[in-house]
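Take a look at the structure below.
A quick note: this is a predicted structure, and the numbers were derived from the prediction, not measured.
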Amino acid sequence: MILLERSYSFSASHLYWRREWSAGRNFEVFGKCSIRPAHGHNYRLTVRVRGLADPETGYLIDLAALDQIVRSAVVERLDHRHINSALAEFGEGGRIPTTENLVQWVAAEISEQLPPGNRLEELRLEEDDRLASLWRSEEV
C-alpha cells in the first residue's frame, strides 16, 4: 500500500456562537472567536489517500481527479466565504465550525467520491501555524 499526500489551501471566516447562550457565556467559552461578525484564517488542508499504484501509469490516483474532487467538494464551497453562512450544518443553531468539526465534514464530503481502489486515509486541517486537527480513517 502507498499513501499519497496532496495539499490545498483556502481562506475563510467563521464565528463560534451558540444562540441559546448569552453573549457573555459565548465569550467565556469561545473567547475572541465569538466576536461578531467573525474572524478568518488561511487554511491548509492535507489529504492522504491510500491505495496501490497502477502498474501502467504508476499513479495511485490521478492527481487531476483528486484535485477536482477536493476543489468542488471543499475549496470552491469555502474559499473566501463565511463558513457559518456557506454551509447549512454550520449555520445558526448548527455545529460550531472548529477545525475538529470541519475536518470531519471534509472527510464525509470527499471519502465517498474517491475512485475504486482508493481510500481516504487521513486529513490534516491547519487553521494557522499553531492549530490543526487530524482526522484518520477508523480502519487505520
Side-chain angles (χ1 to χ4, degrees):
M1 283 291 157
I2 297 169
L3 285 177
L4 178 110
E5 185 175 287
R6 185 81 155 165
S7 293
Y8 304 87
S9 60
F10 59 92
S11 298
S13 63
H14 61 176
L15 176 72
Y16 294 2
W17 189 266
R18 299 216 59 86
R19 67 179 175 187
E20 66 272 16
W21 292 354
S22 68
R25 176 74 174 140
N26 274 287
F27 190 79
E28 178 184 318
V29 173
F30 300 128
K32 291 180 180 179
C33 296
S34 70
I35 297 174
R36 291 183 182 270
H39 67 283
H41 300 282
N42 294 317
Y43 290 92
R44 182 174 180 86
L45 174 65
T46 302
V47 176
R48 281 188 169 179
V49 177
R50 180 181 183 153
L52 295 172
D54 181 289
E56 211 171 16
T57 66
Y59 294 158
L60 178 131
I61 186 173
D62 182 293
L63 290 180
L66 179 60
D67 290 348
Q68 178 57 38
I69 291 166
V70 175
R71 282 190 191 119
S72 64
V74 179
V75 177
E76 291 173 2
R77 294 171 68 190
L78 296 180
D79 193 35
H80 287 83
R81 301 191 189 232
H82 188 297
I83 295 169
N84 303 73
S85 299
L87 302 174
E89 49 268 75
F90 295 103
E92 179 114 10
R95 297 171 70 191
I96 303 297
T98 61
T99 57
E100 297 92 336
N101 283 334
L102 286 170
V103 78
Q104 291 176 48
W105 174 83
V106 171
E109 291 298 308
I110 66 175
S111 61
E112 298 300 319
Q113 295 187 50
L114 295 175
N118 296 133
R119 185 179 81 185
L120 183 61
E121 192 75 13
E122 188 174 277
L123 294 171
R124 178 180 172 89
L125 182 63
E126 298 174 41
E127 193 174 89
D128 57 32
D129 62 350
R130 300 180 323 138
L131 179 64
S133 288
L134 185 66
W135 173 94
R136 288 190 175 143
S137 168
E138 292 181 20
E139 298 176 24
V140 174

Taken in chain and number order and not counting sequence neighbours, the residues that satisfy side-chain hydrogen bond (donor to acceptor under 3.5 Å, both in side chains) with Gln104 are none
Could you walk me through whether Asn42 and Ser9 pass side chain to side chain contact (heavy atoms under 4.5 Å, CB included), step by step? CA-CA 7 Å; Asn42 294 317; Ser9 60; over 6 Å; no
Show, in sequence, the C-alpha distance, side-chain angles and deciding distance for Val70 and Val47, and conclude whether the side chain to side chain contact (heavy atoms under 4.5 Å, CB included) test is met. CA-CA 9 Å; Val70 175; Val47 176; 4.2 Å; yes
Would you mind reporting whether Thr46 and Arg6 have side-chain heavy atoms less than 4.5 Å apart? no
Name the atoms and distances for all side-chain donor-acceptor pairs under 3.5 Å in residues 21-28, with sequence neighbours left out.
{"from": "Ser22", "atom 1": "OG", "to": "Gly24", "atom 2": "N", "distance (Å)": "3.4"}
{"from": "Ser22", "atom 1": "OG", "to": "Arg25", "atom 2": "N", "distance (Å)": "3.0"}
{"from": "Arg25", "atom 1": "NH1", "to": "Glu28", "atom 2": "OE2", "distance (Å)": "2.9"}
{"from": "Asn26", "atom 1": "OD1", "to": "Arg18", "atom 2": "N", "distance (Å)": "2.7"}
{"from": "Asn26", "atom 1": "ND2", "to": "Arg18", "atom 2": "O", "distance (Å)": "3.0"}
{"from": "Asn26", "atom 1": "ND2", "to": "Trp21", "atom 2": "O", "distance (Å)": "3.4"}
{"from": "Asn26", "atom 1": "ND2", "to": "Ser22", "atom 2": "O", "distance (Å)": "3.0"}

Flag yes if Phe30 and Leu102 sit in one hydrophobic cluster, no otherwise; membership is Ile, Leu, Val, Met, Phe, Trp, Tyr, and two members link when side-chain heavy atoms are under 4.5 Å apart. no
N-O pairing of Glu122 and Arg136 below 4.0 Å: yes
When you measure from the side chain of Asn101 to the backbone of Ile96, do you find a donor-acceptor pair of N or O atoms at a distance under 3.5 Å? yes
So does Leu15 get a backbone contact from the side chain of Asn84, meaning a donor-acceptor N/O pair under 3.5 Å? yes
Report whether Leu87 and Tyr16 are members of the same hydrophobic cluster (ILVMFWY, side-chain heavy atoms less than 4.5 Å apart, transitive linking). no
Beyond-backbone contact of Leu123 with Leu134, side-chain heavy atoms, under 4.5 angstrom: no
Going by ring pair (Phe, Tyr, Trp, His ring centres under 6.0 Å), name the pairs with one or both residues in residues 42-61, residues two or more places apart or in two chains. Phe10-Tyr43, His41-Tyr43
Between Leu114 and Arg119, is there a side-chain heavy-atom distance shorter than 4.5 Å? no
Which atoms form the tightest heavy-atom contact between Gln113 and Ala73, and what is the distance? NE2-CB, 3.8 Å
Can you name the side-chain hydrogen bond (donor to acceptor under 3.5 Å, both in side chains) partners of Thr98, sequence neighbours left out? Glu100
Indicate yes or no: does Glu5 engage Arg48 in a salt bridge with an N to O separation below 4.0 Å. yes
Under the rule for side-chain hydrogen bond (donor to acceptor under 3.5 Å, both in side chains), what residues qualify as partners of Glu126, not counting sequence neighbours? Arg124
Are any side-chain N or O atoms of Asn118 and backbone N or O atoms of Leu60, one a donor and one an acceptor, separated by less than 3.5 Å? yes
Could you go through the side chain to side chain contact (heavy atoms under 4.5 Å, CB included) check for Leu66 and Tyr8 one step at a time? CA-CA 11 Å; Leu66 179 60; Tyr8 304 87; 3.5 Å; yes
Are Leu63 and Ile2 linked, directly or through intermediate hydrophobic residues, by side-chain heavy-atom contacts shorter than 4.5 Å (ILVMFWY only)? yes
Report yes if some heavy atom in the side chain of Ser11 is under 4.5 Å from a heavy atom in the side chain of Asp79; otherwise report no. yes
What one should report as the nearest heavy-atom pair of Ile61 and Pro115 is CD1-CD, 3.6 Å
Residues at least two apart in sequence or cross-chain that pass side-chain hydrogen bond (donor to acceptor under 3.5 Å, both in side chains) with Ser85, listed by chain then number, are none
Charged N to carboxylate O below 4.0 Å: is that the case for Glu127 and Arg44? no
Are His14 and His82 close enough that their ring centres sit under 6.0 Å apart? no
Hey, does the side chain of Ser72 reach the backbone of Gln68 with a donor-acceptor pair shorter than 3.5 angstrom? yes
Taking atom types as modelled, find out whether Glu89 and Trp105 have a side-chain donor-acceptor pair closer than 3.5 angstrom. yes
